[in-house]
Amino acid sequence: MVFSAAAAAALSSSSSTMISSRFLHSSAPLALQSRHITEKKISLSPPTSQRRVFSLLPSVSRMGFVSQRVKKESSNLRIFASATDISVEKSVEEVHLHKGDMWSVHKFGGTCVGSSERIKNVAEVIISDATERKLVVVSAMSKVTDMMYDLIQKAQSRDDSYLSALDAVLEKHKSTAHDLLDGDELAGFLSRLHHDISNLKAMLRAIYIAGHATESFSDFVAGHGELWSAQMLAAVVRQNGVDCTWMDTRDVIIVNPTSSNQVDPDFMESERRLEKWFSQKPSKTIIATGFIASTPDNIPTTLKRDGSDFSAAIMGSLVKAGQVTIWTDVDGVYSADPRKVSEAVILKKLSYQEAWEMSYFGANVLHPRTIIPVMRYDIPIVIRNIFNLSAPGTMICQSSVSENGDGQKEDSPVKGFATIDNLALVNVEGTGMAGVPGTANAIFGAVKDVGANVIMISQASSEHSVCFAVPEKEVKAVAEALQSRFREALHAGRLSQVQIIPNCSILATVGQKMASTPGVSATLFNALAKANINVRAIAQGCSEYNITVVIKREDCIRALRAVHSRFYLSRTTIAMGIIGPGLIGATLLDQLRDQTAILKEEFNIDLRVMGITGSKTMLLSDMGIDLLRWRELLKEKGEVADLEKFTHHVRGNHFIPNTVLVDCTADSNIASCYHDWLRKGIHVITPNKKANSGPLDHYSKLRALQRKSYTHYFYEATVGAGLPIISTLRGLLETGDKILRIEGIFSGTLSYLFNNFVGTQTFSEVVSEAKAAGYTEPDPRDDLSGTDVARKVIILARESGLKLELADLPIQSLVPEPLRGCASAGEFMEKLPQFDHDLAKERQQAEDAGEVLRYVGVVDAVNKKGIVELRRYKKDHPFAQLSGSDNIIAFTTRRYKEQPLIVRGPGAGAQVTAGGIFSDILRLASYLGAPS
Ligand SMILES: NC(=O)C1=CN([C@@H]2O[C@H](COP(=O)(O)OP(=O)(O)OC[C@H]3O[C@@H](n4cnc5c(N)ncnc54)[C@H](OP(=O)(O)O)[C@@H]3O)[C@@H](O)[C@H]2O)C=CC1
Ligand SMILES: N[C@@H](CC=O)C(=O)O
Ligand code: NA
């Protein structure tokens, strides 16, 4: 505390001055009733420098003892400071306006007072506020300001109907007043209303005759809505027994117009007028008009856009209110536009700077200029919902760190996200710009000349290009101005181009704590990259409160959702399209159905199946298919399958940032689409082996694309179904091991066949069993021919770095020669028994030698080749010990040389295969930011 107790005593002993304990202890509210303060002398002990004395002025002023204006020494108060004294000279007018925390300011917008019922609610809110003194700023009833501007419009275009429109205005207020008021209050209001209307009629007549309305005429007419709503509300409050006066803020708020069609409040003059007004109409509850003000020459004017919020902020600063509450129809400020991000949350606290940034970027908060007056005195603004009084709202104040009910700090470095659409980027580029002073001046001078508003600017330090965003509607003029301004430079090649990039949006990430928190931008850009969103330009000022990125307009909502879910740990939502609801696809859908709720609740993962398609029918949904009923829905509501439409639908849902297509077919046509999907940022997951075992160049292109993009392609179930084969192999390779050989029984079907073909059943009977158990490929010949095993061998070989084609593998087929040309799988199964004896003979020979038959695949990485064949193994060999559909895969590597690393377990079947696909989906979710 710098002021000594003696100084305080000197002040408090003055008969005309009251000083609260805050002066001494900086705690309790301030109150100063200033009247005829003459020649106060404040002695400072120890002696204080002049500079220090001036630094104390704001504190003195906050007490209401002297106003800010003393700093400028332009008022009737002057302060002289010496090393030891402050002298306050001359007297201030006698006022009874108490300033400080005992004042609360409320502002009610047009919807809050849109009807008589709502005006009554507002009166209740005012009355129930226990603060000692209340100043309420009120807008015109909803639509009235528009009606008033319409009157002017009609009158100046000589449209007689302004008269009937004025009658409508009169009627609206008359009927509201009849609903709300009675007796003298009603009579008083109606008489002033009629008087105003006849004045307006005269004025509109003058406008009609002149065919023109000056700005001050317009402002005068337009401001009447506020005059009437303030008077009606004040009368309702009075009818409830509360002393209340209405204030025409044209008598108090004085503003100067600026060149940019805005106004600057003259706080000193307004404060003087407020004190004068209050000395004439002292009241503990004041209902003041929003929006309207006067010029220093007492000409009526308005505060322009968002005027009533601004009025509230100005009044809040004039009375040094404890709080300014802005009543609206939303629960507070959201972390993002809730129409675009359904999981947006209400922010409990925002700092002034954060609110400022958010509002600039289109969040429905407050206009930045609204914040400035209250910011000067650290007055908190609270945004609350008049229609939901139980919601605490959002507090905008100095520090934005807040405590939740459970004491936890809400300290995410990022507070919110906002977007601006309909922008274009302008890129001015050329080698002749570097190191040439005045280039930026010339560029932005040209932009200014066409009156365009520059929304963000970015220049790389190489100085070879400057890019900036302007509203799309202004870009043509900007481009022309630049072309003309730089004609010579473009001609001479010093500038290479003035490029326009249309259809852009800005996504702004706002948070005061982003400053000094490393990693925020990394997380932000990572989330954008994972949603496959290309960033065209970036800007971050050194305040670090805001990181702005320019993106394609069509990506904007997806981007907003991606970053919001990343920072707010809201759900990682993935739009899914399931292609092929056959055995595996259907089992996957059922597993998803059973697990969705748990994934949502416990893991914050929201998987939405937006479409299911077979080869003939597809089912699409905008919000996600009800997986309890997908079979009936597909039957009842299915439409003709169209893969392009399907893909477009699943991916086109801009509300979900990430899309995955799950291919559960065995179709190579579908597999050939992966490259295109991945290129578009659609993740792909599949048990279909066709892509990875198809033509080598397709495979190589696919993998190359996947490596350089942030889009994921997972295919664990292609080998060993749900067994961790691909991931084990990747783990070995990525940690620097070298594969020497992979050998195993890769076919669940063939494993099952030879594990159960023990002499008790014919071979074809066991094949039918395998098919019924869901182990076989859609066409069992793919298993028996060895093609399925060969595909798996190729997949593993390529994964290990070998460049093998399917045709390079010697494959021993078990499909009898005459059945290879069967038209269908059914026909094949029917004829298979005719050939049972061949394999029965081979089995018997092996058994006689104490051996078993096993169908194996081998990747020989040392000799860069592979083989697929039926072999005989001794009965004690591990391959002879299998049961059911077990796969067994032995990895011999540099590290696992003596004893191979073996993975064994069921390698086919609907449940385990769907489970493998499902775990790829969850891996994707975790890559996309879901907690793992
Ligand atoms: N069974 C297993 O144990 C394992 C299977 N796999 C693989 O899983 C995949 C699916 O096998 P499975 O479920 O048994 O096969 P199914 O024959 O039971 O199902 C295939 C599905 O794909 C659909 N389909 C086929 N072509 C198209 C197309 N062009 N467009 C859209 N849908 C199409 C079919 O629809 P429609 O009926 O309308 O033609 C059907 O719904 C295969 O790639 C298989 O290799 C992988 C590991 C293990
Ligand atoms: N038909 C295959 C299924 C898995 O890929 C097999 O039998 O292994
Ligand atoms: Na697997």
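In each ligand, atom 1 is the first atom listed, and ligand 1 is the first ligand listed.
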Identify which of G580, C673, A666, S615 has a heavy atom lying nearest to atom 36 (P) of ligand 1. S615
Give yes if a backbone or side-chain nitrogen or oxygen of I579 is under 3.5 Å from a nitrogen or oxygen of ligand 1, and no if not. no
Which residue holds the protein heavy atom closest to atom 16 (P) of ligand 1, what is that atom called, and what is the gap in Å? L583 N, 3.9 Å
Please check whether P778 reaches ligand 1 - meaning an N/O of the residue sits under 3.5 Å from an N/O of the ligand, judged on distance alone. no
If the cut-off is 4.0 Å to any non-hydrogen atom of D788, which atoms of ligand 2 fall inside it? 1 (N), 2 (C), 6 (C), 8 (O)
Residue, atom name and distance, where the atom is the protein heavy atom closest to atom 2 (C) of ligand 2: E777 OE2, 3.1 Å
Within the structure, is a non-hydrogen atom of A721 found at a distance of less than 4.0 Å from ligand 2? no
Ligand 1 N/O within reach of G907 N/O, cut-off under 3.5 Å: no
What residues form a side-chain contact (heavy atoms from CB on, under 4.5 Å) with K874, not counting sequence neighbours? E851, D876
Under the side-chain hydrogen bond (donor to acceptor under 3.5 Å, both in side chains) rule, what do D788 and S747 come out as? Steps first, then yes or no, please. CA-CA 7 Å; D788 181 67; S747 164; 4.7 Å; no
Taking only non-hydrogen atoms of K689 and a 4.0 Å limit, the atoms of ligand 2 in range are 4 (C), 5 (O)
re atom 30 (N) of ligand 1, the protein heavy-atom contact at minimum distance is I670 CD1, 3.5 Å
Report yes if some N/O of A721 lies less than 3.5 Å from some N/O of ligand 1; otherwise report no. no
Looking only at protein heavy atoms, what sits closest to atom 20 (C) of ligand 1 is C664 O, 3.9 Å
Could you identify the single nearest non-hydrogen protein atom to atom 7 (C) of ligand 1 and state the distance to 0.1 Å? P687 O, 3.5 Å
Looking at ligand 1, does any of its N/O atoms fall within less than 3.5 Å of an N/O of E777? yes
Before signing off on this row, confirm whether G774 and ligand 1 have an N or O atom pair separated by under 3.5 Å. yes
Working to the nearest 0.5 angstrom, can you tell me the gap between D737 CG and L729 CG? 10.0 Å
What protein N/O/S atoms are found closer than 3.0 Å to the Na ion (ligand 3)? E716 O, E716 OE2, V719 O, A721 O, L723 O
Ion pair K645/E639, N-O distance below 4.0 Å: yes
Could you find the nearest protein heavy atom to atom 4 (C) of ligand 1 and give me its residue, atom name and distance? T913 OG1, 3.6 Å
Considering only the protein, which heavy-atom contact is closest to atom 19 (O) of ligand 1, and what is its distance? G582 CA, 3.3 Å
Under a 4.0 angstrom heavy-atom cut-off, which atoms of ligand 1 come close to A717? 46 (C), 47 (C)
Minimum heavy-atom separation for E799 to I726, with atom names? OE2-CG2, 4.2 Å
Side-chain contact test, heavy atoms from C-beta onward, threshold under 4.5 Å: evaluate it for I739 versus L733 and give yes or no. yes
Starting from atom 4 (C) of ligand 2, what is the nearest protein heavy atom, named by residue and atom, and what distance separates them? K792 NZ, 3.4 Å
Residue-level breakdown please: for T776 versus ligand 2, do any non-hydrogen atoms fall below 4.0 Å on the side chain, on the backbone, on both, or on neither? backbone
Kindly state whether the ring of F714 and the ring of Y927 have centres lying under 6.0 angstrom apart. yes
Under a heavy-atom criterion of less than 4.0 Å, does T587 contact ligand 1? no
Give a yes or no answer on whether the side chain of R566 reaches the backbone of A527 with a donor-acceptor pair at less than 3.5 Å. no
Just need the protein heavy atom nearest to atom 12 (P) of ligand 1, so name the residue and atom and give the distance. I584 CG1, 3.6 Å
How close do L528 and A559 get, heavy atom to heavy atom, and via which atoms? CD2-CB, 3.7 Å
Answer with yes or no whether G909 contacts ligand 1, where contact means a heavy atom under 4.0 Å from a ligand atom. yes
Applying a heavy-atom cut-off of 4.0 Å, say which part of T749 lies close to ligand 2: side chain, backbone, both or neither. both
Counting heavy atoms only, which of T665, N688, D667 comes nearest to atom 42 (C) of ligand 1? T665
